[in-house]
Every structure is written in structure tokens, then in C-alpha cells.
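In what follows, a structure is listed as C-alpha cells, so that the remarks can point back to it.
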Amino acid sequence: MRRLLVAALAVLSLSAFLCPPVHAATTSAVFPSEIIGEDFPDPDVFQQNGTWYAYSTNNGRGTVPVATAPSANGPWTIRGDAMPGGPSADWAQPGRTWAPDVYPNSDGTYTLTYVAWHKASGRQCIGVATASSPLGPFQPVGTAPLICPLDLGGAIDPNTFVANDGTRYLVWKNDGNAISQPSTLWLTRTANNGQTLVGGNTAMLTSSGVIEAPDLVQRGSQYVLFFSGGGYTDCNYLTSYATSTSLSGPWTTAYRPLMTTATFDNAVCGPGGADVVGDKIFLHGWVGSQRHLYVADIGWANDYPVVRGSRVRYEAERGTLNDCSVRPNAAGASDGKVVAYIDYADSWVENTVFAPVSGSYTLHVGYANGSASTASHGLVVNGNNAGSVSYPVTGWDNWHESSVSVTLNAGWNTIRLTKGDQYTEVDYLEVQ
């Protein structure tokens, strides 16, 4: 019997990730682009020799639908079924072939790691197939699943990860949700182009709720493990991540999720199934009764991910202050503290924010205005006058948002709010 490893487990409370909706004014944010406007869930994407390839969970297009494009943003064309013969007849039956992962090997072949319906148990298990072309046809390998821990509910959502030193791994999930048990994301070393397992399994993250769709990325200072949470059939589905300086953990889950319906201002419903490829992140979103494919720009702020169009919050009180001060115990404020007394000609608060790419963004300022009339702050971006932010009257400790368009450089930028008309306290800045 396999046992959940005690070491390196991080218990997640996914309900804490769900942010309340925030209603914004007219926005200059650039939201993810819909690139396949039909059912194309659980995307796996790679680029090779100038062509982009994408694969999805089974649907009306076949067992493993495959699409191609000349660029990440398209145009995308669905090419058919990459595994027309279906999963392995030795252990699997058609009908639930999920979350394919295709990896181009150094010898010119391609390995497909897929999830299929285990005939003997009725659970989901992970199998392997190979092909000489990224379009297939992929042929199943072996007479048994590669990973099939039936006592843990089976296995789903494989993700191939090759470390900088060339060591190859498979990240996967035991499907504990299927048997009302916790689910864990696991790391297992592989060999033979991903066709065989080497050594045991290392637990990465565990949750009593839904945690799935892992995608592991290595950055200069740390590893970043993306994952989805919530139910994929509505707008509560989300993408978060955890970080560690070692593959063996411990893993630290992000304070806030990376992508939710709310952080995209409802532009994408239930953003999940994320796959990071270079400076792009692919994801699916719920549209009617289908999951369509989207792409967005992603950047790295000190090796932490930032997705263009998804709100990132910066607490104003953590910035640099001049002739103003932090007011603690601010009722209802984000993190309980705000910047107050921006009352003098030389008063200002400045925060450093990150933009994945250069271009137009929306700056949302959380504020409370207890003055007798509309207040304002001067807005300075990267040392340049960029107009002002206006704050209608709300009353003190009654927190609202004011939003303006800003143009940012790729990478780090400074945003300074200076004394304007009347008086306003600043809770946070959000860049979208």
C-alpha cells in the first residue's frame, strides 16, 4: 500500500483563495485572448521549429485533439486526433482520456503521457504512448498503466518536467477526490523518454479539496508549481502556485491566487488548467458548457509569476512614504493598515510594481475619502507626471476603488501618489 508522505506536505485551504468580485470602471487592461473558441480543456502546449502544438482532453474531435499555430496567439487550426486508435486496449477503455502531456524527446520522437479509464477498477490511471510526429498517431506503450495507485483513487493530470540538469520527472495527482480522500500532487523521476519510473514518489502539496492540473517550472532562484483548484464547471475554478528552493520541498503556497474570475474582472470564467511555455501562459475558461482555450503574457517578478490582465495587489503601506504615515488598525482595510496624512505639499507614497510586458494597464487604487467633496492625488509613473487619480466621497473607513489607465514598461515600475485636492487615505494599489 502506498502511503502519503508526511514530509514536504503543505495542506491547502482552497476556499481561502476565492476573492470577492471587484467591479472596475472602464479598463485598459489586456485580458487573455481566446484562441480556440470551442471545447479544448486541460491544454498542453509546446513550440518546435516555428510551430506551436496544443493538445486537449477528449471531446468530439477525438481521443487526443491536437491543434497547431504559427504563433502562440494564433491563428490556431485543429488538426484532428493525435491518438486515433484510443488508449491502450490492454488496460484502458475509451471515453475518459484526459489531460494529455506531450513532450518532444531529444531523439526526435514524442512521448504522450495520458489519463485513461482503467477497465479493471473504473478509476483513472496514467499511461504512455509514443509517436514519430507531434501530430501522431500516438501508439500506446506497454500492457499496464505507468501510474495507477488504486488505493489513492487512481492517478490523473500528468506533467513532464525536465530540470536544468537534464533529470526528467513526472508531476501528477492521485485522484483522492474520486474516493472522498485528500489529493496530493506527486513528483516521480522517469527514464527511457518518460516510459519508465525511477525510484519512489515525493509528495509536493496535499489538499482535502480539489487540487489538480500541476505544471512545474524551474526559475533561477526557485521552482514554481502551478495548480488549479475548485470545480472546473463554474467560475470558482482558479489557478494558484507554490514555490520551493528544492524539489523535495517544503512548498509555500502563494498568499493570493494567480488567476481567478475576479482577478480578470470576469473576462475569463474559471481560469484553470494552466500550462506555462516561455513568456506565455495557456489556460482554459468555462464558456457555456465548454472550456475554451486562452493565452496571456506571463512575466517573472523576482522569479514569481505575474500574468497580464490578472490583478496584482500591492499594499500601499509597504511602499516608500514621504511626510505621511501608516495608520494601523484601519477597519475593513486590506491587511488592516493604510497610508494616511497625505496632507502636505511634499507628501507622497510610492510603490514599485511589475508589468510582464510594456503597454497599457489599469491602476486600481483602494481608498477612503472622508472629505466634504471629491479628492484627488497626483499620479507620477516612473518619474513622469501621468495625471491624477480622483476619489469620490465615501466616508472614512469605507473602502472603494478608483481606476485609471497607465502605461508601464516591461519589468519594474514606480507609481507615486502625491498630494492633490482634499484628503484621502490609500489602502492598496492593484495593477491589471
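If you read the sequence from its start, that first residue is 1, and numbering goes on from there.
Side-chain contact check for W172 and T188: at least one donor-acceptor pair (N or O, by modelled atom type) lies under 3.5 Å. Inspection of the S376 and Q422 side chains reveals no N or O donor paired with an N or O acceptor under 3.5 Å. In this model, no donor atom of one side chain and acceptor atom of the other lie less than 3.5 Å apart for S246 and S244. Donor-acceptor pairing under 3.5 Å is lacking for the side chains of E430 and Y361. A donor and an acceptor atom, one from each side chain of Y391 and E401, are nowhere located under 3.5 Å apart. Side chains of E212 and Y237: a donor-acceptor N/O pair is present below 3.5 angstrom, by distance only. The closest side-chain donor-acceptor pair between S310 and T263 falls under 3.5 angstrom. Between the side chains of N73 and K280, a donor-acceptor pair is found at a separation under 3.5 Å. For the residue pair T51 and N49, no side-chain donor N or O sits within less than 3.5 Å of a side-chain acceptor on the partner. Side-chain N/O atoms of H292 and E38 include no donor and acceptor closer than 3.5 Å. Between the side chains of R219 and N302, no donor N or O sits under 3.5 Å from an acceptor N or O. No hydrogens or angles considered: a donor-acceptor pair under 3.5 Å links the side chains of T109 and N105. Side chains of D101 and T160: a donor-acceptor N/O pair is present below 3.5 angstrom, by distance only. Counting only N and O atoms by type, the side chains of H364 and S403 include a donor and acceptor under 3.5 Å apart. Between the side chains of S183 and N174, no donor-acceptor pair is found at a separation under 3.5 Å.
Separating the CD atom in Q222 from the CG atom in L247 is a distance of 12.0 Å, to the nearest 0.5 Å. Atom CZ of F46 and atom CZ of F282 lie 11.5 Å apart (nearest 0.5 Å). Note: N413 CG to T407 OG1 = 10.0 Å, rounded to the nearest 0.5 Å. Rounded to the nearest 0.5 angstrom, D215 CG and D44 CG are separated by 8.0 Å. Atom CG of N58 and atom OG1 of T97 lie 5.0 Å apart (nearest 0.5 Å). A distance of 7.0 Å separates OG of S347 from CD1 of I342, quoted to the nearest 0.5 Å.
Of all heavy-atom pairs between I147 and C125, the closest is O-CB, 3.6 Å. Nearest heavy-atom pair, T239 versus S228, reported as atom, atom and distance to 0.1 Å: OG1-OG, 4.1 Å. Heavy atoms only, all atoms of each residue included: V45 and D275 are closest at N-OD2, 2.7 Å. Annotation for T245 and S221: closest pair CG2-O, 3.8 Å, computed over non-hydrogen atoms. Of all non-hydrogen atoms in I298 and P305, the two that sit nearest each other are CD1-CB, 3.9 Å. Scanning both residues, W76 and I36, for their nearest heavy atoms gives CB-CG1, 3.9 Å.
Residues in residues 271-321 take part in no disulfide (SG to SG under 2.5 Å) pair, two or more places apart or across chains.
Here the side chains of V380 and I415 are not in contact, with every heavy-atom distance at 4.5 Å or above. Contact annotation: the side chain of Y110 approaches that of F138 to within less than 4.5 Å [non-hydrogen atoms, C-beta and beyond]. Annotation: side chain of I126 is not in contact with side chain of I156 (no heavy-atom distance under 4.5 Å). Counting heavy atoms from C-beta outward, L216 and L187 have side chains that approach closer than 4.5 Å. Side chains of T190 and Y169 form no contact here, defined as non-hydrogen atoms less than 4.5 Å apart.
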Quiz item: Would Y294 and I35 count as a side chain to side chain contact (heavy atoms under 4.5 Å, CB included) if you check the C-alpha gap in whole Å, the side-chain angles of each, and the deciding distance to 0.1 Å?
Solution: CA-CA 5 Å; Y294 296 80; I35 53 176; 5.7 Å; no
Practice problem: Might you work through the side chain to side chain contact (heavy atoms under 4.5 Å, CB included) test for L205 and T253, ending with a clear yes or no? | Solution: CA-CA 9 Å; L205 292 175; T253 304; 4.2 Å; yes
Quiz item: Under the side chain to side chain contact (heavy atoms under 4.5 Å, CB included) criterion, do W348 and L417 qualify, and how do the steps go?
Solution: CA-CA 5 Å; W348 49 262; L417 299 174; over 6 Å; no
Quiz item: Yes or no on side chain to side chain contact (heavy atoms under 4.5 Å, CB included) for L379 and L363, after CA distance, side-chain angles and deciding distance?
Solution: CA-CA 10 Å; L379 176 63; L363 172 67; 3.9 Å; yes
Quiz prompt | Test log, rule ring-ring contact (aromatic ring centres under 6.0 Å, His included), inputs Y232 and H284 | solution = CA-CA 9 Å; Y232 73 84; H284 65 233; 7.2 Å; no
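With respect to the salt-bridge test (charged N to carboxylate O, under 4.0 angstrom), the residues E317 and R327 do not qualify.
Figure legend: R291 and W286 shown without cation-pi pairing, the cationic atom not lying both under 6.0 angstrom from the six-membered ring centre and within 45 degrees of its axis. Cation-pi geometry between R311 and F264 is not met: the NZ or CZ atom fails to fall both under 6.0 Å from the ring centre and inside 45° of the normal.
Within a 6.0 Å radius of OH in Y304, other residues, nucleotides and ligands contribute 12 heavy atoms or fewer.
With respect to R318, the side chain to side chain donor-acceptor pair (under 3.5 Å) criterion is satisfied by exactly one of N351, T352, D335: D335. Results of the side chain to side chain contact (heavy atoms under 4.5 Å, CB included) test with H377 over V365, D421, T418, V426 single out V426 as the only residue that passes.
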